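Below you'll find the structure, written out as structure tokens, and then a few comments.
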Amino acid sequence: MEIVVSREELVAELALLQGIVERRATIPVLSHLLFQAEGERLSLAATDLDVSLSTGCGAEVLRPGQLAVQAKKFTEIVRALGADEVRLTLAEGNNLAIESGRSRFRIRGLEAESFPTLPKVESSSELEFPLATLRQMIGKVLFAISSEESRFQLNGALFKATDSTLELVATDGYRLARVETDFSGAGAEGLAQGVLVPRKALQEILRFSGEEPVRFRRNEHHLSFRIGDRELISRILEGTFPDYERVIARDHEKKPVLSREALQLAVRRVSLLSGERARGVLLRFEADLLTISAANPDLGEAEEQVVCRYDGEPVQIGLNPDYIGHFLGAIESNEVRLELKDAESQCVGFPIEDPEGEAGDRYLCVIMPMHV
Amino acid sequence: MARIQLLPDHLVSQIAAGEVVERPASVVKELVENSLDAGAREIAVELEVGGKRRIRISDDGSGMGKEDALLAFDQHATSKIRDFEDLQRVATLGFRGEALASIAAVARVELLTAEAPGEGWRVRIEGSRVRSVEPASRARGTTLEIASLFFNVPARRKFLKQPRTELRRCVEVVQGYCLACPDITFRLSHEGRSIIDATATSADGEGLRERIRQLFGDQLADALVELPAGGAAGESIRGFVGKRETAKGRRLFIFVNGRLIRDRQVLATYYRAVRDEWKHDEYPSLFLFLGVPPEDLDVNVHPQKSEVRFRDASFVHRVSRVLREGLVSARGEEAAPLREAWGAAERPLAWSGLGAVSEPSIHETAAAFDTRDAGADAQSGVWDWRRDGRQKIAEAAYDRASPSEVPLSRGSRDRAVRILGQYKGAILLLETPQGLLLMDQHAAHERVLYEKLARAMEAEEPKVQRLLVPQLLELSPSERLQLDSLVESLQPMGLQLERLSGGDLALVGVPAVLSDQQALSLVLELAASEEQSTDPAALKRQILESVAADRACKAAIKIHHALPMAQMEQLVASLFACDDPYSCPHGRPTLLEMSDAELERRFGRR
Ligand SMILES: Nc1ncnc2c1ncn2[C@@H]1O[C@H](COP(=O)(O)OP(=O)(O)OP(=O)(O)O)[C@@H](O)[C@H]1O
Ligand SMILES: [Mg+2]
């Protein structure tokens with residue numbers, strides 16, 4: 001293999017591949033990238049066996065060939081190089097020579113054959129949606145994905161489509177975030193039941209940018225997201241997602257409306273005294289007034305008042321301040337509405353969009369109460 | 001008068017009975033085994049007051065004629081073996097001819113049995129004495145009714161636990177045979193309330209899975225992977241191992257030739273297999289059925305036959321291989337086409353001398369594994385995750401027996417201690433006026449963290465996080481009985497359980513210091529543990545301790561980790577400031593002492 005590539009183009013692809021490579025891989029080859037030079041192109045691939053990305057860039061291929069190269073070192077080197085072009089040459093013993101300007105490196109690689117074969121996702125039907133929409137949706141639910149490894153069916157988000165809507169839902173058992181958007185796509189059958197997309201794949205999609213749409217396919221075990229020449233392939237998470245429609249309370253009658261920012265800042269301040277191992281703040285709504293308080297036997301107490309629009313019965317609820325913060329951080333609206341019943345029942349939060357904007361109820365976040 | 005006297009007969013048989021009959025559950029066990037030996041297809045057990053007042057068991061097995069019906073109660077009367085040769089290859093569950101005699105010595109027994117309809121006999125026996133024998137009618141089969149257990153042995157009667165506890169033990173016994181014989185129908189009821197109702201499935205793997213479903217519910221049944229076939233000719237090794245989501249609760253069942261046993265050797269093999277294959281400290285469910293030719297098995301080790309010895313030592317290795325294969329497929333990786341390109345992962349190297357760093361759990365060799373400790377776990381039937389902090393410092397570094405545990409008293413604590421250094425990144429060497437102290441840095445740090453955490457947690461009111469979706473607990477009949485009795489006591493600790501219709505339980509709130517999965521494991525553990533106090537204060541301590549110990553263990557400095565002097569000093573000072581500096585929260589010693597006297601003796605200076 002001997003090729004010449006543009007350093008800038010290479011760096012852009014390496015940044016995407018970094019997200020896939022296992023940092024603590026127990027299998028050595030998984031910390032490598034697969035290089036394949038052929039035609040006018042250098043193809044690059046990374047995988048952690050669950051999620052893989054194949055991408056590439058244009059190259060002047062003097063001699064085709066392939067090799068697996070240690071991802072972290074290679075990326076560091078290419079980032080640090082000064083010249084615009086990089087020449088990569090496969091030397092004997094699976095070594096890779098990197099030459100650029102006056103710099104020369106030789107790094108050890110592994111046989112390309114030792115790199116896992118990436119799955120192929122063949123499918124007769126394909127869906128297409130704008131990348132920006134998908135990224136926005138992911139940003140609104142990512143925080144609610146469980147990081148508890150043993151609840152693997154919650155280690156991802158449910159991705160669902162009907163003929164007219166696209167929906168993404170995530171929960172960790174204590175809160176749930178759901179976002180829905182209009183979508184006109186035929187061939188959504190494969191998503192009618194919904195599939196569970198692992199967190200890592202969603203995070204990777206957030207790294208993509210550009211105007212090109214996302215083309216989506218699935219088969220029994222895998223999902224494929226194609227954006228231009230790049231293809232992200234993810235194993236479908238197995239397991240059953242909770243019946244979330246049934247869980248979301250729709251009949252709460254106490255509906256205070258508040259400034260998003262004021263609430264966020266007040267909760268952040270009060271939570272400074274909410275305890276270390278188990279964080280909880282108390283929210284008490286009375287006529288047009290919210291009082292947020294926290295107490296910690298070792299440290300002391302904190303209290304702050306926030307004005308709101310509320311004319312119902314007084315109601316009080318304990319919540320984890322981090323959960324409130326994540327919800328408020330995921331939305332941009334000026335105001336939010338919380339729907340409450342009592343201290344034992346869930347709090348459902350909604351952004352209130354500008355009157356001219358789209359209907360606001362298409363995003364919601366359920367937070368379960370905490371006895372404090 | 002001579003001081004040595006011969007014991008009267010009835011006393012002899014009562015003493016002998018003590019070995020076989022300890023409590024209602026042991027009666028149930030013997031009677032179920034007899035029914036199975038008699039070829040029954042359907043066995044029904046009815047209990048009153050946890051079996052203390054009455055145990056009635058009826059089967060549709062072979063039944064007995066008049067002569068056998070009477071002989072059955074004689075000591076060493078058995079139809080199952082005749083001579084020593086037979087004893088070498090017992091294929092039935094019973095063989096001693098002791099059970100009925102023992103039971104009859106300590107209870108009021110009524111036997112109703114018929115070899116064919118219309119040829120039945122009723123025999124009444126009370127404290128070994130036959131009271132009446134009369135013809136009676138019954139369909140083919142046998143009914144035994146054991147009333148007033150230990151009516152004539154008050155000391156034993158007093159020893160029995162509350163009905164709830166005795167009932168749970170009886171349920172556990174029947175559950176065991178339910179699993180061992182999925183092709184037989186079992187029913188168990190307590191004072192008219194049905195507790196087990198398991199209709200016959202089939203004897204094959206799928207039948208067994210269905211039986212597990214009947215007892216434990218869908219979640220577990222659907223998360224089991226069948227073990228690959230294995231074992232040499234004449235042996236069988238089969239069963240199921242759970243996927244990773246089953247690594248909660250302690251559902252580990254090992255059967256040998258149809259009998260549920262607590263075998264420390266097989267259990268230890270399983271634990272090691274999980275640690276090696278999964279690099280994990282949680283153990284998935286196991287339903288393991290081992291069959292060996294009767295002559296290769298010594299069941300006569302224990303009067304209740306709950307321990308066995310395999311005559312062929314390599315059998316356990318074959319079991320290990322099957323378990324490992326099963327675990328690999330239960331990990332669920334072969335489903336992904338991606339993995340196929342891949343061979344087995346390389347094993348990290350074992351610890352190999354000064355300064356090297358190794359994966360903890362790998363280098364415990366079979367020989368180095370301390371079976372005494374595994375035995376302690378095996379006896380309580382509970383795997384203790386705590387043992388995982390245990391690593392060998394180096395193989396055979398010194399003679400285990402010699403350094404004695406420190407008999408330090410609190411008073412001697414502030415004596416001068418000089419830190420000599422750190423041995424192999426694992427042990428601090430301390431010089432004291434009395435001798436040399438060895439301090440396990442991991443255990444010591446665990447102790448320090450544990451006391452800090454437990455104090456902090458006790459001071460705090462528990463915050464309770466409600467769950468979005470109540471977690472339905474799928475429990476076996478015996479686990480359900482146990483947990484149901486704990487619901488109220490767990491409430492103040494923030495473990496909120498809700499009783500659902502049909503006797504089910506769901507977890508609806510968890511202490512905010514725990515994740516829902518930790519809370520779930522804790523609850524399932526409480527459900528499966530042998531003896532569970534319902535006293536809220538004791539429960540609270542127990543929960544706090546297990547949480548604190550778990551966290552302390554995870555946070556503590558590991559071994560093979562070099563410490564700068566300042567840190568060593570800090571650790572030594574904090575350890576000696578603990579309430580109990582001499583052991584880690586799991587009971588392992590933190591300190592060992594080589595006294596000057598001991599050193600002198602060993603160097604031949606004394
Ligand atoms: N349910 C039954 N149906 C038919 N025969 C039975 C039944 N229960 C007991 N017997 C007969 O009574 C005999 C004595 O039973 P017992 O349980 O005392 O001894 P065992 O089963 O032979 O040995 P062990 O003491 O090891 O259980 C048995 O050998 C069997 O022949
Ligand atoms: Mg018997």
Side-chain angles (χ1 to χ4, degrees), chain A residues 26-30 47-50 52 113-120 146-153 171-176 221-222 233 235 238-239 242-244 246-248 274-280 295-298 318-320 323 343-346 366-372, chain B residues 218-219 222-223 243-248 279-280 282 284 332-333 335-348 359 453 455-471 491 494 496 507-521 547-548 551:
Chain A
T26 45
I27 305 176
V29 79
L30 296 188
T47 181
D48 70 354
L49 299 186
D50 282 331
S52 24
E113 284 69 33
S114 65
F115 199 84
T117 337
L118 302 190
K120 292 223 171 5
S146 174
S147 47
E148 180 100 43
E149 258 178 63
S150 62
R151 305 201 70 183
F152 47 89
Q153 72 276 35
T171 179
D172 62 1
Y174 313 120
R175 62 237 170 108
L176 175 146
H221 292 294
H222 291 90
I233 295 174
R235 180 131 56 118
E238 280 176 44
D243 184 0
Y244 61 95
R246 261 191 31 201
V247 168
I248 303 171
S274 67
E276 274 157 51
R277 275 171 301 278
R279 290 158 61 72
N296 180 319
D298 299 336
L319 293 172
N320 182 326
Y323 296 173
E344 306 295 319
S345 313
Q346 56 184 242
V366 177
I367 305 177
M368 290 307 285
M370 186 187 230
H371 293 261
V372 286
Chain B
D218 293 336
Q219 260 174 33
D222 291 337
K243 298 184 194 166
R244 60 179 167 166
E245 63 264 35
T246 67
K248 289 176 214 114
K279 308 266 183 291
H280 223 282
E282 282 173 338
E333 288 174 0
L338 265 177
R339 305 269 175 184
E340 275 159 27
W342 245 129
E346 269 174 55
R347 286 281 162 71
E359 278 285 313
L453 261 170
R455 232 174 282 135
M457 288 172 60
E458 199 145 26
E460 260 173 57
E461 274 286 296
K463 292 183 180 142
V464 185
Q465 172 71 58
R466 301 275 293 189
L467 302 182
L468 188 68
V469 186
Q471 294 238 16
Q491 189 82 17
Q496 300 185 330
L507 188 63
V508 295
V510 304
V513 289
L514 300 181
S515 73
D516 57 347
Q517 293 309 290
Q518 285 172 316
L520 194 63
S521 306
V547 172
R551 294 200 170 186

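On a predicted model such as this, the values are computed, not experimentally measured, just so you know.
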*asked:* Can you tell me which of His371(A), Met370(A), Arg175(A), Glu344(A) forms the most heavy-atom pairs within a distance under 4.5 Å of chain B?
replied: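 Of the options given, most contacts go to His371(A).
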*Just by modelled atom types, is the Met368(A) backbone N or O under 3.5 Å from a matching donor or acceptor in the Gln465(B) side chain?*
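Yes, Gln465(B) side chain to Met368(A) backbone: donor-acceptor pair under 3.5 Å.
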Name the region of [X], side chain, backbone, both or neither, that has any atom closer than 4.5 Å to a heavy atom of chain B.
X: Ser146(A); answer: neither
X: Asp172(A); answer: backbone
X: Pro369(A); answer: both

_Heavy-atom side-chain contact between Tyr174(A) and Leu467(B) under 4.5 Å_ =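 A side-chain contact under 4.5 Å exists here.
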